[in-house]
Asks: 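Structure below; questions to follow.
Treat the numbers as computed from the prediction; the structure is a model and nothing was measured. Each residue takes its place number in the sequence, starting with 1.
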Amino acid sequence: MIERPRGGAVDEEHGLRQRLDAFRMLHRVSRELSSARDLSATLQFLVDSVVSSLGFGVAAINVVHGDSLRVAAVAGPPDVRAALEGQSGPRDAWEDLLASAVPWGTLRFVPHGVEVPSEVPVWVSDEGGAAETPGAWHPEDALVAPLYAPDGELVGVLSVDLPLDGRVPGELQRELLEMFAAQAAVAVDNARLHSEVLSTMERLEQEHRALQASEESFRQVFESAPSGMAVVSLAAADEGELRRVNAALCHMLDYSDQELRRRGLAEVTHPKDRHLWSNARRTYRGDLRMVRRDGRVVWVSTNCSVVVDATGVPDFKLVHLEDVSERHDREEQLAHLAAHDPLTGLSNRVELRSRLHQLVAERRDVCVLFCDIDRFKHINDQYGHEVGDVVLVEVARRLRALVRKHDVVARIGGDEFVLALRDTTEEEATVLARRLAADVRRPVRFGQREVQVAVSIGLGASTAGADSVDELLRTADQAMYRVKLLHTYGGVDAPGTDSIQAVDGDAPDGDGPAGHEGAAVHEGASARDGSVAHEPGSVVVGEHDTSLVQEPAAPAALAETAVPADQQVPAAGKVVALGGPMHRGGAGSPQTVAPAAGPAVDSMDDLRPRPSAGASLRQ
């Protein structure tokens, strides 16, 4: 209890002694507060010191918790503690109270008669009202000290009541209370910060444990994953290097862990796909080719994702790789089947038209050779369809063997083949047609027997005016069919002869479809329906060839009566006949002849005529 001095030197000495005792207590409190770490214990020690040292019967501290202030420590009689402990009030109500109070330095005095917000927890003595004497403490008076952190933030409020001398605190008592409040503010702020540090450390420790558990889970998933996994560094020091690879990826590519990490993903990727790894930070999702240790190419489905660190900076790239070679093989097989003839392996009609459309769009010089096997129906009827298939396969092989790799050879019907020749002139295509006709004419063997095969060839060229795919095919088809009609109705050579001669280019007149001027090659003779008038074949090569002997045109009567109207075609060039027997050998059980791969040519110089068995030129 602090007693007021009573005049003279004695009073002055007593006051100095009281001040000294208060400062000693403040020093002890400051030392205790600075060493305290538990907020509850710190606050209780503080209010106990206020009651024991500054002459107040009651002291309480309200601490800020979010938007409210909660009573955290109370010193005083049991009934006061029971009434105040655990109570809380809104922060804005406290701020209204502080704003309406009388400023006493840093303290705030709320005299009786001033309304206190109902939300603020208060305790009022049940003693009767004090005498209206100057300086007397009224039961409804209140004295509070706001507690501010060094940054000016309100952290709590220290309130006192029941001064032991029953009077309003004097200057010395208020000054000491301000000092205690300043120490209390520092203590509360330190304790709060310490509590936050402890909470943060606990949270970090929990996060660290969770991270360790997550890393362990990731390691287990990474190592035991059935598909390939790789971690690519994105750090500046080792960007693009492999930090980790799993066993599945090592097994997929047949490399050890150390060797694969030393080589890197780009080095074990197919050269045509390595650019996909050129930028380590680039993400990629799709298929690419990788190369095993033994050189075998593996198709891999790749999915990359970038992982950032806690600061948002890219740390590494997680790459998932799955072997999809079987799927690619199936897709290639299906694509091949969709674009190729299953019997001969040649391109089909759809693929041929697609390639021709591309060549025409690129404004290339394109020549089309339309080939039809003569008397193929007779072969099927006499020897059976199995031998017919053997003939088709062998003819396909011979056609493929005499053209370049980038030329297209297609089977578009039962015995119809089409060759699309890129960057080829009409003259070069004519030379090639002679060679094809001669080469196909060689017998096809099955067992001890053989079949003499011949082919009629029609030529259509983009340089001759055909500027669309349909026109090219129609021109070549009409030129080939005209050879069939000339041979059937025009009568060139007798069976069994080998010769070349020219006949008039005029085909039987009629109402057939108009077409571009074309050239045709014929080896052996048959009508399109299989009927045969003569054995030798013919080639339409052009309108002016003075080295060839002219033969009279077919009789007009034949043109008018013998050729069906729906088979008539326009004139197209001149005819060169290559005669020869259609077939040799007797009947018997046929055997399948498997096709064999033939050499491909790479330039038009290779298309010069070569001697072929059973064919000769006669001027």
Side-chain angles (χ1 to χ4, degrees), residues 340-349 369-402 409-419 433 435-458 477 480-481 483-485 487-488 492-498 520-538 577-598 612-615:
H340 291 79
D341 172 48
L343 176 63
T344 63
L346 299 179
S347 298
N348 59 16
R349 183 187 298 270
L369 297 181
F370 201 109
C371 309
D372 186 274
I373 299 177
D374 294 329
R375 300 187 68 199
F376 187 69
K377 182 176 183 300
H378 175 77
I379 295 174
N380 278 333
D381 291 343
Q382 183 171 354
Y383 300 104
H385 289 279
E386 184 177 359
V387 174
D389 288 346
V390 172
V391 170
L392 291 172
V393 171
E394 180 60 17
V395 169
R397 187 194 67 79
R398 294 178 186 181
L399 295 177
R400 179 75 263 181
L402 289 179
V409 182
R411 180 188 177 208
I412 65 169
D415 60 344
E416 294 178 332
F417 299 84
V418 173
L419 288 72
R435 287 180 54 189
L436 292 173
D439 195 62
V440 171
R441 188 168 171 268
R442 292 183 291 110
V444 175
R445 298 182 182 277
F446 57 98
Q448 300 300 319
R449 298 171 178 81
E450 61 183 28
V451 172
Q452 186 73 33
V453 181
V455 64
S456 295
I457 304 176
D477 184 30
M480 181 277 299
Y481 189 44
V483 175
K484 299 280 190 180
L485 293 178
H487 204 267
T488 302
V492 285
D493 275 345
T497 64
D498 292 331
V521 179
H522 174 81
E523 182 69 14
S526 68
R528 202 161 202 170
D529 60 359
S531 61
V532 179
H534 301 280
E535 296 288 352
S538 54
L578 297 173
M582 274 297 297
H583 56 86
R584 290 194 297 268
S589 300
Q591 296 180 357
T592 301
V593 179
S612 182

Asks: Let me confirm one number: the CZ-CZ distance from R398 to R442, rounded to the nearest 0.5 Å.
Replies: 4.0 Å

Asks: Stepwise, does the side-chain contact (heavy atoms from CB on, under 4.5 Å) test hold for V455 with L436?
Replies: CA-CA 9 Å; V455 64; L436 292 173; 6.0 Å; no

Asks: Taking all non-hydrogen atoms of both residues into account, name the closest pair between I373 and V453 and its distance.
Replies: CG2-CG1, 3.9 Å

Asks: Is the side chain of R435 donor-acceptor paired with the backbone N or O of A437 at a distance under 3.5 Å, no angle test?
Replies: no

Asks: Starting at CZ of F417, measure out to CG of L369 and round the result to the nearest 0.5 Å.
Replies: 13.5 Å

Asks: Tell me, do F376 and L392 make a side-chain contact under 4.5 Å, heavy atoms counted?
Replies: yes

Asks: Hey, does the side chain of R445 reach the backbone of Q448 with a donor-acceptor pair shorter than 3.5 angstrom?
Replies: no

Asks: Shortest non-hydrogen contact from C371 to L419?
Replies: SG-CD1, 3.8 Å

Asks: N348 and H340: which non-hydrogen atoms are nearest, and at how many Å?
Replies: ND2-N, 3.5 Å

Asks: Looking at N380, D381, D374, which one forms a side-chain contact (heavy atoms from CB on, under 4.5 Å) with K377?
Replies: D381

Asks: Can you list the residues that meet the side-chain hydrogen bond (donor to acceptor under 3.5 Å, both in side chains) rule with D415, with sequence neighbours excluded?
Replies: none

Asks: How far apart are the closest heavy atoms of I412 and R349, and which atoms are they?
Replies: O-NH2, 2.7 Å

